[in-house]
Student: 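Below is a structure I'd like to ask you about.
All values reported here derive from a predicted model rather than from experimental measurement. So that the names make sense, note that chain A is the first sequence line, chain B the second, and so on, each numbered from 1.
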Protein chains: 2
Amino acid sequence: MSQSFGIALGPRIRKSPFFNSTVKAGVSHFTTYNHMYMPVSYGDLAAEYDRLINGVAMWDVAAERQVCMKGPDAIELARLITPRNLDKLVYGMGRYIPMCNSRGTLINDPVLQKISEDEGWISIADSDMKFWCEALAVGKGMNVTVTEPDASPLAVQGPKAVDLISDVMGDWVRELKYFGFKQTELNGIPLLVARSGWSKQGGYELYLLDGAKGDQLWDSIAEAGEAYGIGPGAPNYIERVESGLISVNADTDDDANPFEMGMGKFIDLDQDVDYVGKAALKQIAADGPARKFCGVVMDGDKLASTNAHRWDIEQNGRYVGFASAAAYSPRLDQNIAVALITTEAAESGAEMQVMTDHGVRNAVATSLPFGKK
Amino acid sequence: MSQSFGIALGPRIRKSPFFNSTVKAGVSHFTTYNHMYMPVSYGDLAAEYDRLINGVAMWDVAAERQVCMKGPDAIELARLITPRNLDKLVYGMGRYIPMCNSRGTLINDPVLQKISEDEGWISIADSDMKFWCEALAVGKGMNVTVTEPDASPLAVQGPKAVDLISDVMGDWVRELKYFGFKQTELNGIPLLVARSGWSKQGGYELYLLDGAKGDQLWDSIAEAGEAYGIGPGAPNYIERVESGLISVNADTDDDANPFEMGMGKFIDLDQDVDYVGKAALKQIAADGPARKFCGVVMDGDKLASTNAHRWDIEQNGRYVGFASAAAYSPRLDQNIAVALITTEAAESGAEMQVMTDHGVRNAVATSLPFGKK
């Protein structure tokens, strides 16, 4: 990014329970996410990347807000908001659930956690799903309340996260399956501990359940993590591209559907639930998706910066889509991006051109995640 | 604000059609609003305030997004989303419509514009009302589509705005009533011109209806405005406090209802429409609102900065509410704030204490806007 601007601080956008701790830890840049300030850098992106890939990092991701659906119709409401089949949803296990509007467009991709028989939480990407869920329930006359609970995830990510968190919480965390979770506490701090996180480096999300104890939780993890060289970080731009993780609104547009985004395996068109978007998704499945979310490898010098906006992609002089997140990957020693391009272009194997801020780069499409054969 | 942080630029948050123009004009700080970067300062807040109060300023408020409801049930849907009576809604006139959830909490306060018999637009504050409106329509089985049109307001505000915009558009704009609007064009740029804006200094919002022509519109207004000393600005923190304008999410919390926020005159509890929140609002009206949105005048030295977070307010040592926006007003030569405090505290006339970042300040409540008797 060559341009540099300040962010205004005011009460309209909320501060995380960890805000003061992140300031003490040297946060330099924020974004906003779900109406909350979210750290994106502490001023040394190379060190933050290295900690995530080789050590352990702690991220303030309180902005990954929760939407709680509670009441006799809570699980029924959960079934209406996703094309995923929830027949086998059980307590203690989360499930990744694409959410679509009535046109079949992807509007969010949370993890759903069944908290009890009449209560489910979704851990949302950056859009107001609280309003979506409540309005749907109101319209249907369902008996369910929709609220945002006092729950703020602190992510601990990286190959040393398992050892660290078992030091802190006990060895039981080693047995948690991916997306498994448990409510517990740490020195009086109420927590929900989940094996999850927005990286492929492994780790946990500690959902702080008392917003007044953010600094206490931060300090506990920072102190226990010293032995592992822990340091602050944030959802990592490079690692998420390498791993092919989806960022709704960055990677998706008003027409992107779950089939295009590689989520076809989560879509059950035949289940006996009249979820939102079902008819549209059936039509899309019948027609075949027009585009494909894929990787792109670009030639030329190392990209000097990540992308501040989408980069157009052309093939044979024709626009075929866009790269939504691009970076130089130290591990792969390649310039890579995630992109949403026509199925034809993605599958042709033919060369494409990416209109980067660092000139036109020749590129080829590849599968995600990068480096997987 | 003593703390200073950068804002990350990436494709998840959208850039306004005027983004490049604002960068050329020297924007220094952004916030985000409706998933879009929105300028808040060009580095000289005193000059920006002066232009708004005494001259004319142009603001990129493209982030004031539109939600379009179109179809046979569009106006019926509009009636469901607001407690305001829309019996007399006519084409060409906007109407300020509080929106509530089923608990009667204020969730947005847009202006509704009836574009045609089967199409209404709401010009929203910072929350995803597109999802609210669509989910309600889906739940009710209504025949209406909900979209975000390509419409991006450029505000022209200040006492010289009327002369400037009549130079540019013609004298007909002088006759537009407040919230009146008309679709037109300017040198091939399609526009909706509305007499509106988030200040009490008068002016217009030019809704750009072709996102590719943002810089062209910006340049046209900047050029014609030279004679009036026009310059860039943004929704003004000081002026909005002076004028008592409401900023949803800054001034409101999860319990704030329209009666507390001084919007009682817009609430029709008796109309024959089963809008969202009707039962809750009836109960609140019967009980009487617990709090009141009011002004606060604080003593002591000029506030050295605006507030980066809410400031608690106490009376006789007891918490009675919070100040959500505070500033030193040059016009009034007073330290002022808008606050949401208990009705009792607001009406007692007794002294309160505001816990500012600049020490405890004694304060008294007053009506809004400031300076009005």
Student: With a 4.5 angstrom heavy-atom cut-off, which part of Ser247(A) approaches chain B: side chain, backbone, both or neither?
Tutor: side chain
Student: Sort out for me which of Val23(A), Val146(A), Asp251(A) touches chain B most, counting heavy-atom pairs under 4.5 Å.
Tutor: Val23(A)
Student: Could you check whether any side-chain heavy atom of Phe131(A) comes within less than 4.5 Å of a side-chain heavy atom of Lys130(B), counting everything from C-beta outward?
Tutor: no
Student: Select one option (side chain, backbone, both, neither) describing which atoms of Met142(B) are under 4.5 Å from chain A's heavy atoms.
Tutor: neither
Student: Under 4.5 Å from any heavy atom of chain B, what part of Tyr37(A) do you find: side chain, backbone, both or neither?
Tutor: neither
Student: If I compare all heavy atoms of Asn249(A) with all of His35(B), which pair ends up nearest, and what's the gap?
Tutor: ND2-ND1, 4.2 Å
Student: Against chain A, work out which of Asn101(B), Ile81(B), Val40(B) has the most heavy-atom pairs shorter than 4.5 Å and name it.
Tutor: Asn101(B)
Student: In Å and rounded to the nearest 0.5 Å, what is the CD1 to OH distance from Ile13(B) to Tyr33(A)?
Tutor: 10.0 Å
Student: Contact part of Phe322(B) toward chain A, heavy-atom cut-off under 4.5 Å: side chain, backbone, both or neither?
Tutor: neither
Student: Counting only non-hydrogen atoms closer than 4.5 Å, does Val27(A) touch chain B with its backbone (N, CA, C, O), its side chain (CB onward), both, or neither?
Tutor: both
Student: Please evaluate residues Trp132(B) and Asp128(A) with respect to the criterion side chain to side chain contact (heavy atoms under 4.5 Å, CB included), reporting the C-alpha separation (whole Å), side-chain torsions for both, the decisive distance (0.1 Å), and the verdict.
Tutor: CA-CA 9 Å; Trp132(B) 180 261; Asp128(A) 291 336; over 6 Å; no
Student: Report the residue from Asp126(A), Thr252(A), Thr32(A) that forms a side chain to side chain donor-acceptor pair (under 3.5 Å) with Arg12(B).
Tutor: Asp126(A)
Student: Would you mind telling me which of Gly6(A), Pro11(A), Gly139(A) has the largest number of heavy-atom pairs within less than 4.5 Å of chain B?
Tutor: Gly6(A)
Student: Relative to chain B, which of Arg103(A), His309(A), Glu134(A) shows the most heavy atom pairs under 4.5 Å?
Tutor: Glu134(A)
Student: Only pairs of heavy atoms separated by less than 4.5 Å count here; which of Arg310(B), Lys140(B), Glu148(B), Arg14(B) has the most with chain A?
Tutor: Lys140(B)
Student: With rounding to the nearest 0.5 angstrom, report the CZ to CZ distance, Phe5(A) to Phe30(B).
Tutor: 5.0 Å
Student: Between chain A and each of Ala325(B), Ala135(B), Ala137(B), Ser324(B), count heavy-atom pairs under 4.5 Å; write down the option with the most.
Tutor: Ala135(B)
